[in-house]
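Position 1 is the first residue of the sequence, and the numbers go up from there. Just so it is clear, the structure is predicted and the values come from calculations on it, not from any experiment. What's counted below: heavy atoms across the whole structure, side chains too, no hydrogens, waters or symmetry copies.
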Amino acid sequence: MPHNAYEAIPILEKLPLTIESIACYESTLLVGTKQGVLLLYKVIKQKSRGTNGEVKFDVTLDRSNKSFAKKPITQLAAVPELFLLISLSDNVISVHDLTNFQQICCVQKTKGATLFAVDVQKRETHTGIDYYLRMGVASKRKIQLFYWENREFQELRQDLSLYDFPHALSWCQNSLCVGFKRDYFMINTKSGNLKELFPVGASQPDPLVTPLSDNRLALGRDAMSILINADGDPTQKEPITWSDIPIAMEHCPPYLIAILNKFVEVRTIDPKMMIQNISLPKARFICQGSGSIYAASPNNVWCLAPVPNSEQIRQLLTGKEFELALKLAELADEEPTEKQTRMQNIKNLYAFHLFCQMRFDESLTLFAKLGTDPSHVIGLYPNLLPEEFRKKLEYPDKVPDISGSNYEKGIMALIEYLTQKRNELNKEGYKETSTTAIVEGNKTITSRKQLSQIIDTTLLKCYLQTNDALVAPLLRLKDNNCHIEESERVLKKKEKFSELIILYEKKGLHQKALSTLMKQAARPESPLKGHERTVQYLQHLGKDHIDLIFEYAVWVLKQYPEDGLKIFTEDLPEIENLPRDQVLDFLEKVSPDLAIPYLEYIVFERKDQKEEFHNRLVDAYRERVQKLDEEINSFPESQKAGAKEMQQRSLRDECKKKLISFLLQSKHYLPERHLTKFPTNGFHEERAILLGRLGRHEQALGIYVYTLKDFQRAEDYCAKNYDSNKEGNKDVYYLLLKLILKATDGPQMNGPSGKQLESALKLLEDHAMKIDTAKALELLPSTTKLTDILAFLENVLEHQTAHRRSNQILKSILYAENLQVTEHLIHKQSVKIIVTEEDMCRSCKRRIGQSVFCRYSNGHLVHYSCYTKDLTSKN
């Protein structure tokens, strides 16, 4: 939408002299005429405007030089930095003092010149700021290059030959752009290399080269301007297009001002926009300097006064031309804070405008750069913020309704924006800073925690709408800050119960999580059906939530006891740290059958040696056996030997086997505690093991001999408990012999009465060395034949003989060793050592003198103190 950027104010009207050239600097306007007269005007802008609001200038002719030149002044250039005025007249370059028009020099080498171009570069030297002036002069078919030094122009390099007469000339860094009748060339002033660019337009009368403020050039081609850099390469794809062929042009950022045949046209380069047409009859010349722009016809001069920035920006914002408004704000001469505020406001409006045009990526990228409050950005989308919160937000215009593919595109852009914001918030060293509002005055959120909560909750909603596979990873993040109630609501609405459990778990809402799991377990269509997720959840809660574990483990244990036990028996650190005594009490309350597998787990797998657990496992095994016995005995005669009874017997035998094995292996239960609990009319082997643990071997063996009538198991018992060095255990074989022989006086046992005597004699023969011979012979009946005990006696005598022989051999070895040691001592004592005043310690290199010393086997002498130090350091 066009707006007024400049206001054309007449400065000189109906000048009696014909204008050939103009130049300006600060408040000074220089006019070169066809008659060779140079005019200098002071143009001062009035503070107050006219009655119609137009800008007014005070114009005074400050100086006039009628004899400045004999011929028309075809070109002027003011160099205020060096107080120089460079002019072209009568095809020669002259240099005058800018303050008084006195001629400094006439560059005679430039005779035949048709145009020139100057370039001023600011340089810092050790003496301060310096200015370097270069000049390129087109003379016939060559280019002459000069630099200013010592009040005159010096040759910069040899002349550059050309194929044709130049019609346009302009500097661009270290290059000169030359416009010929037919085409443009770029000349490198250092190397002299020429680069052909492109032809001049067929309809263009003369080439036009205009320097831009950013080290670029605008080259005319018919009704277009092509922008190039110092290398001659185009800098943008599309040229600037004019309404007609430009005659002259100036760049006053952000505007490019061209004089056309019928009017002056104002355009912008980026964005490419037509701004304004100004009717200036017969205008042919244009110049600018220090912010002033002048246009001239042969007899009139106008000042193009810029419309105030604030007014231009207001017009542009009304027309939604935000990019240009922003450029003007950047160029405005204002206080930094005021300027920053204005630019921030424009950028927010521009970002909102981009959003309304469905250019979501551009809009949200700009919002991110501006630090706009994320909640205001999220509010641009429907159904992402709570309605009462969204109603409080204000926007520059009505927020567009987004639907269909646009909505999906917008949500994807929002996800990228929120992810970027999330990363910024979670960076180390992040400091809470103020966020900005889209509409100035709106309340913004500065709290890091609150912003993080809004961002994460919105991300969750976006993922649910686009890619729900990303919901779970978001909720599992350690730094996830999703708002609990809002997230709970949307997850339930979408029936995302698995993700809901993750939310509860990460937020520590374990009661809610377990309650949901229990409810969903019974729903066949639910992703949480079954008990597995409950088991997994309870396994990872840990001892701090033991009451919660017990509360929600009940239903699993009752319906799936085997899997329910995994809550307490998996190899996990959380389970390892659970209080085992409390767990055991809990399991016994739920079902006594659960205690045995748990006790087996902690005793056998976890190697827990706590006395209490070993005692309770013994009790559990015993009670289980007793219970199974009662069940077996309760079967009616019709079901005896049936499948169910056989199954129960198998279970009873297996449990009894485990009990006996545990009683034999475990060292951590209290046998005296259990002995009274085992009934005497059963559990005989178990009682024998317990009696043996208490050292009551005779009673234990009595059970094997009299009750179980099993001599072999009795002998195995002796083998396990015999210890020749322990007072209570060295006579176990004697006690067994005694019981066997005593049994012969009783009733018949498993055979004839002589069977026990044979067993006793075989015991004597097999374990002769483990039974006291004298006591054993006293026990044998008087009717025992010598031939019956001959093998026993032979074994005893053979052992005694072998023992005696072993002692004799040991005595001889010790005697021989004693003789060797005595002989070695005598040899060592026979060595004579003479210590003189000259003998030195091999360690500290000092004299030994009267000190205590040591002698090494190699003959070296050292102080005893040095010897001990060496030993200490080696150790």
Which residues pass the side-chain hydrogen bond (donor to acceptor under 3.5 Å, both in side chains) test with D270, not counting sequence neighbours? none

Please list all pairs passing the ring pair (Phe, Tyr, Trp, His ring centres under 6.0 Å) test where one or both residues lie in residues 255-275, with sequence neighbours left out. Y6-Y255

Using the side-chain hydrogen bond (donor to acceptor under 3.5 Å, both in side chains) criterion, which residues pair with D130? Sequence neighbours excluded. R123

Does K42 pair with D58 as a salt bridge, N-O distance under 4.0 Å? no

Apply side-chain contact (heavy atoms from CB on, under 4.5 Å) to A329 and list each qualifying residue two or more places apart in sequence or on a separate chain. I313, R342, M343, I346

The salt bridge (Lys or Arg N to Asp or Glu O under 4.0 Å) partners of D233 (sequence neighbours excluded) come to K195

Run the side-chain hydrogen bond (donor to acceptor under 3.5 Å, both in side chains) test against R267 and tell me which residues pass, sequence neighbours left out. E265

By salt bridge (Lys or Arg N to Asp or Glu O under 4.0 Å), E238 pairs with (sequence neighbours left out) K272

Can you name the ring-ring contact (aromatic ring centres under 6.0 Å, His included) partners of Y504, sequence neighbours left out? none

With sequence neighbours excluded, tell me which residues meet ring-ring contact (aromatic ring centres under 6.0 Å, His included) with F83. none

What residues, two or more places apart in sequence or in another chain, satisfy side-chain contact (heavy atoms from CB on, under 4.5 Å) together with N345? L349

Review item, side-chain donor-acceptor pairs of residues 394-410, under 3.5 Å, at least two apart:
unit_1: Y395; atom_1: OH; unit_2: H376; atom_2: O; d: 2.6
unit_1: Y407; atom_1: OH; unit_2: Q465; atom_2: OE1; d: 2.7

Taking only residues two or more places apart in sequence or in another chain, which ones pass side-chain hydrogen bond (donor to acceptor under 3.5 Å, both in side chains) with N229? none

